[in-house]
Amino acid sequence: MVDLHVHSNRSDGTFSPRELVNYAIEKGLNAFALTDHDTVDGLREAIAYAEELRAQLTQESLPDRETLSSAVASDVLTADRVPQVIPGIEFSTEYEGKDVHVLGLDIDYQSPAFTGPLRTFVESRDGRNRKMCDKLREEAGIDISYEKLTAEFPGAVITRTHYSKYLLNHGYVKNLSEAFERYVGDHCPCYIPREKVTPVQAVKLILSADGIPVLAHPILYHLSGERLEKLVSELKDAGLVGIEAIYSSYSSSEERRIRNLAKKYRLLISGGSDFHGANKPGLDLAVGYGKLYVHDDVWSDLQKSKKKLLFTDMDGTLLRNDSTVSPDMREALDQLTGAGHHLILSSGRPLPSILEVKEQAGLSYPHMLIISNNGALIYDCDTEMPILEQRIRHEDIATVVAIAHKHGLHIQGYTDREIVCLEDNEETRFYRRRIHMPLKCVEDIAAALPNGSYKLQTIHLTDRSLLEQFRETLLTQTDLGERLQFAFSNDKYLEILPKDAGKGNALLYVTDYLPVLRTHTFAAGDEENDISMIEAAHVGIAMANAVQKVKMHADVVTKKTNDEDGLVEILERYF
């Protein structure tokens with residue numbers, strides 16, 4: 001059992017980080033996420049204390065029982081009962097006038113890319129709190145200052161709950177509700193709105209800390225179905241990975257609603273109690289109001305989103321020049337996939353050709369995906385089914401083929417298993433030396449492809465400039481550029497694809513489909529048709545043998561060529 005939404009007294013909870021660890025042991029949790037509001041101040045204490053307990057118990061040296069709760073101290077305590085403390089944060093953001101919270105799970109809370117922007121946000125929040133204290137003192141006659149407020153709640157991130165408690169403790173109100181209604185509620189004279197980040201900014205900041213972004217308790221925002229879907233869609237585009245579908249106050253129908261939303265947008269499920277100690281009476285750690293249960297698998301699935309993805313071109317990248325995979329390369333790929341990372345073959349080749357190479361090279365790994373036809377077809381090897389298909393429509397095939405004929409160029413299209421062209425010629429014979437697919441010669445290519453084609457391919461074996469002139473004609477003298485894209489896969493082959501295809505778009509689709517963090521994507525290639533993939537990946541890799549244009553778009557260039565297993569150095573460095 002886990003709880004992925006917990007607060008300490010470093011924000012608006014009442015348990016210290018150390019006390020939370022003890023209480024999590026008592027509740028039998030295997031892991032909990034400390035997700036204080038807009039702060040990571042309690043993480044170091046909680047993580048260090050859990051590690052200290054675990055180390056002492058591993059060494060059979062019992063911890064000081066005075067540091068433990070009586071319930072835990074009276075029981076038999078072993079190292080495996082000490083829960084994992086997941087470093088987290090809960091960002092308070094604003095969306096269309098609503099408070100929206102975004103959780104960051106398993107964050108690198110010491111990363112400069114994260115701590116810098118967080119510090120700026122905290123300074124802005126502290127300035128707002130000082131102004132609220134001034135208003136309460138000057139306009140309501142309350143004896144309060146920011147220094148007095150923070151002294152009364154040492155180490156806490158000040159929220160309106162703390163103001164309310166201060167007013168109650170000093171006799172200005174009879175209860176917390178009165179404090180909100182008279183002084184610090186949204187429309188009260190002493191309230192100053194916080195400067196908030198947007199939900200999209202929060203997602204991006206969490207990703208910068210290598211964290212897992214999760215939309216917290218979406219039911220609580222009381223958004224219409226349309227507005228909630230709009231929010232989720234925007235956050236998904238920004239890199240959202242999970243949504244809190246298991247929550248203390250949800251009804252069964254509300255949980256189903258969020259689970260269905262998660263399924264629609266391919267988000268992972270998260271869940272937590274939102275435990276605040278005495279500040280939320282009746283709501284307990286791990287069990288919420290008594291019926292909450294978050295299985296270990298929820299956290300396990302979220303952790304898998306941090307596995308890395310290697311998108312690799314085949315010819316000129318993964319494969320040696322003889323179209324084989326070396327033993328050293330296969331061993332490196334075995335280690336990569338054995339660690340749970342994902343290998344995605346991404347090629348301009350048609351699917352049957354990729355499957356043939358995959359079989360011959362022994363590249364059979366679990367959960368493997370294939371991007372074929374330069375992104376027009378994405379195939380799941382486990383189910384042996386496509387997960388995305390995009391085709392050039394029949395009418396555009398006819399136009400492109402007619403213009404190719406005027407330019408005297410060989411052109412071919414594809415069925416699921418065949419090459420479709422006018423005749424068996426020098427170009428098809430050259431092409432089929434590597435692509436071992438049946439050839440279907442027809443009188444009319446467009447008529448032979450009534451359902452369209454994943455791609456069209458023009459070939460000229462000696463003069464690339466003729467292919468470039470053909471591309472220029474298609475772009476300038478027709479409206480095909482609105483629906484198609486054009487890229488070289490080598491000097492002899494010009495690929496013609498649906499506008500929304502391409503290896504880069506396929507990478508983004510796969511990342512969302514799995515889903516995994518976009519910051520964990522790596523893409524390697526050598527030719528022009530790989531550029532969009534290299535740009536879309538977090539780390540773009542050009543092979544030493546890549547054309548110069550590709551190297552200009554890459555983050556890393558290998559020292560060795562594909563024929564020298566240059567990709568192995570990348571696997572050793574990053575995986």
Side-chain angles (χ1 to χ4, degrees), residues 4-17 20 32-47 85-95 98-133 146 149-150 153-166 184 186 191-218 220-221 235 238 240 244 270 272-277 279-280:
L4 303 179
H5 191 163
V6 176
H7 296 275
S8 78
N9 61 2
R10 295 300 187 270
S11 62
D12 54 349
T14 58
F15 281 50
S16 72
L20 277 175
F32 74 91
L34 181 52
T35 54
D36 282 325
H37 291 284
D38 308 320
T39 183
V40 294
D41 289 350
L43 293 178
R44 190 184 301 275
E45 178 185 334
I47 292 169
V85 179
I86 302 163
I89 193 168
E90 183 173 13
F91 279 111
S92 303
T93 76
E94 185 172 335
Y95 178 78
K98 292 275 189 178
D99 279 335
V100 169
H101 292 181
V102 181
L103 296 168
L105 301 180
D106 200 22
I107 58 173
D108 179 0
Y109 63 98
Q110 300 179 85
S111 164
F114 178 74
T115 56
L118 181 61
R119 191 179 303 113
T120 301
F121 177 66
V122 169
E123 289 170 355
S124 171
R125 181 194 62 209
D126 289 346
R128 170 256 195 178
N129 284 332
R130 289 182 182 277
K131 291 177 183 177
M132 278 189 65
C133 286
Y146 184 65
L149 182 64
T150 53
F153 304 101
V157 173
I158 300 299
T159 67
R160 280 185 284 178
T161 299
H162 295 101
Y163 285 99
S164 301
K165 284 186 175 181
Y166 183 95
V184 297
D186 284 356
Y191 173 66
I192 295 176
R194 285 180 294 181
E195 291 185 29
K196 296 180 181 179
V197 297
T198 67
V200 166
Q201 288 172 324
V203 167
K204 291 182 177 179
L205 186 52
I206 290 163
L207 290 173
S208 76
D210 199 34
I212 304 167
V214 174
L215 179 61
H217 44 57
L220 271 57
Y221 310 135
L235 295 184
L240 187 73
E244 200 166 42
S270 186
S273 64
D274 203 0
F275 177 68
H276 283 70
N279 284 340
K280 284 193 175 182

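Atoms considered below: every heavy atom in the structure, side chains included; atoms not considered: hydrogens, waters and symmetry mates. One is the number of the first residue; the rest follow in order along the sequence.
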Table please: side-chain donor-acceptor pairs of residues 206-218 below 3.5 Å, with sequence neighbours left out.
residue : atom : partner : partner atom : Å
Ser208  : OG   : Leu205  : O            : 2.5
Asp210  : OD1  : His520  : NE2          : 2.5
His217  : ND1  : Tyr221  : OH           : 3.2
His217  : NE2  : Glu90   : OE2          : 3.4

Of all the heavy-atom pairs spanning Ser164 and Val184, show the shortest one and how long it is.
OG-CG2, 3.7 Å

Using only atom types and a distance under 3.5 Å, with no angle test, would you say the side chain of Asp38 pairs donor to acceptor with the backbone of Ser92?
yes

For Thr93 and His101, indicate whether the former's side chain and the latter's backbone hold a donor-acceptor pair under 3.5 Å.
no

How would you list, by chain and number, every residue that makes a side-chain hydrogen bond (donor to acceptor under 3.5 Å, both in side chains) with Ser270, sequence neighbours excluded?
none

What are the two closest heavy atoms between Thr14 and Gly277, and how far apart are they?
OG1-CA, 3.3 Å

Determine yes or no for a side-chain-to-main-chain donor-acceptor pair under 3.5 angstrom, with His162 supplying the side chain and Ser11 the backbone.
yes

Looking at Phe32 versus Phe275, is the centre-to-centre ring distance below 6.0 Å?
no

Restricting to side-chain hydrogen bond (donor to acceptor under 3.5 Å, both in side chains), what partner residues turn up for Ser8, sequence neighbours left out?
Asp36

Could you check whether any side-chain heavy atom of Asp186 comes within less than 4.5 Å of a side-chain heavy atom of Arg160, counting everything from C-beta outward?
yes

Please name all residues satisfying side-chain hydrogen bond (donor to acceptor under 3.5 Å, both in side chains) with Asp126, sequence neighbours left out, ordered by chain then number.
Tyr146

So how far is it from Ile86 CD1 to Ile47 CD1, rounded to the nearest 0.5 Å?
10.0 Å

Apply side-chain hydrogen bond (donor to acceptor under 3.5 Å, both in side chains) to Ser16 and list each qualifying residue two or more places apart in sequence or on a separate chain.
Glu19

State which residue, out of Leu103, Leu34, Leu118, Val102, fulfils the side-chain contact (heavy atoms from CB on, under 4.5 Å) condition with Ile89.
Leu118

Can you tell me how far the OH atom of Tyr109 sits from the CG atom of Asp41, to the nearest 0.5 Å?
11.0 Å

Quick check: does any side chain N or O of Arg128 sit under 3.5 Å from a backbone N or O of Ile192, one acting as donor and the other as acceptor?
yes

Locate the shortest heavy-atom distance separating Met132 from Tyr163; write the atom from each residue and the value.
CB-OH, 3.5 Å

Contacts of Thr120 meeting side chain to side chain contact (heavy atoms under 4.5 Å, CB included) (sequence neighbours excluded), chain-then-number -> none

Angle class for the Phe114/Phe91 ring planes (parallel below 30°, perpendicular above 60°, tilted otherwise)?
perpendicular

Could you check whether Asp12 and His276, counting side-chain N and O atoms only, form a donor-acceptor pair closer than 3.5 Å?
yes

NE2 (His7) and CG (Asn9) are apart, to the nearest 0.5 Å, by 12.5 Å

